[in-house]
There are 2 protein chains.
Amino acid sequence: MAIFKALAEQNRLRIIRVLYQTSREMTCNEVGEQLNISKSTVSYHFKALRLVGLTNTRQVAQTKYLSLQLATFDRYLPGFLATL
Amino acid sequence: MAIFKALAEQNRLRIIRVLYQTSREMTCNEVGEQLNISKSTVSYHFKALRLVGLTNTRQVAQTKYLSLQLATFDRYLPGFLATL
DNA sequence: TTTTTAGTTCGATAACTATCGAACTAAAAG
DNA sequence: CTTTTAGTTCGATAGTTATCGAACTAAAAA
């Protein structure tokens, strides 16, 4: 159920969509600006997505780059990303 | 997102589970007794499940029989039911 | 060493969703 | 006709989750 909960929220879906459509890693800041959400809220959602294995984090100094964990989508929701 | 929302709740998942595991239609009352939930709450969840196409309703007089709409599960969540 | 940058955590609050019982509708049974 | 049965709707409330800004940490840049 954790994955469904993670996907059952507007802003988390928007984050997934932007990650998928730009096809690259993005930072907290970048996503916050793009979607007009405060950085603390973005941080909160990033954590939720990471905890259920929908995203990966790569850290360089204080910057964290987020990307989709495609394997998780393929495993539990095959074809879903293509519908975004 | 509607389907994810429907699946992101404990009692709705329990309803789906019981429908799947008993492999037959069930009534509101029956589910309520089995899961110890008031009939108004069961009615509320039945509606939510039906609205997103996860279940079917067959009505005989005042009794409504609920069953899983397998096509929806197969389409969006192949393999999910088997994990219940 | 001071300032800037990126992100986290916390506390308060807003927004949303689930829950119940009571009052209701409609149909079957007595 | 009256009572029982199955489910719906409503209003109130509890419970949960999302949101923000402020205070914080850690690292890079100046």
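Naming: A, B, ... by sequence-line order, numbering from 1 per chain.
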**Request:** Go through DNA chain C in 5' to 3' direction and return only the first and the last nucleotide with some atom under 4.0 Å of chain A's heavy atoms.
**Result:** C:dT5 to C:dT9
Please report, to 0.1 Å, the donor-acceptor pairs under 3.5 Å made by any side chain of residues 59-67 of chain A, with sequence neighbours excluded.
{"residue": "A:Gln59", "atom": "NE2", "partner": "A:Ala61", "partner atom": "O", "Å": "3.0"}

**Prompt:** Across all strands shown, which nucleotide pairs with D:dT16 by Watson-Crick or G-U wobble geometry, both distances under 3.5 Å?
**Reply:** C:dA15
**Prompt:** Does D:dA23 have a Watson-Crick or wobble partner in any strand here, with both distances under 3.5 angstrom, and which is it?
**Reply:** C:dT8
**Message:** B:Phe4: which residues meet the ring-ring contact (aromatic ring centres under 6.0 Å, His included) condition with it, sequence neighbours left out?
**Reply:** A:Phe80
**Prompt:** Mind checking who shares a hydrophobic cluster with B:Leu51, ILVMFWY linked at side-chain heavy-atom distances under 4.5 Å?
**Reply:** none
**Asked** Excluding sequence neighbours, so at least two apart, what forms side chain to side chain donor-acceptor pair (under 3.5 Å) with B:Ser43?
**Response** none
**Test side chain to side chain donor-acceptor pair (under 3.5 Å) applied to A:Ser38 - qualifying residues, sequence neighbours left out** = A:Ser40, A:Thr41
Sort and list the pairs that fulfil salt bridge (Lys or Arg N to Asp or Glu O under 4.0 Å) and have at least one residue in [range], not counting sequence neighbours.
range: residues 22-41 of chain A; answer: A:Arg24-A:Glu30, A:Glu25-A:Arg58
range: residues 6-20 of chain A; answer: none
range: residues 69-78 of chain B; answer: none

**Request:** Report yes if some heavy atom in the side chain of B:Leu7 is under 4.5 Å from a heavy atom in the side chain of B:Leu77; otherwise report no.
**Result:** yes
**Fill in**
Within residues 7-16 of chain B, the residues having a heavy atom closer than 4.0 Å to DNA chain D are none
**Message:** I need the residues from residues 50-65 of chain B with at least one non-hydrogen atom less than 4.0 Å from DNA chain D; give them sorted by number, or say none.
**Reply:** B:Gln62, B:Thr63, B:Lys64
**Distance in Å, B:Asn29 CG paired with B:Gln34 CD, rounded so as to fall on 0.5 Å steps** = 12.0 Å
**Closest heavy-atom pair and its distance - A:Gly32, A:Val42** = CA-CG2, 3.6 Å
**Item:** Sorted by number, the residues of residues 33-44 of chain A with heavy-atom contact under 4.0 Å to DNA chain C
**Value:** A:Lys39, A:Ser40, A:Ser43
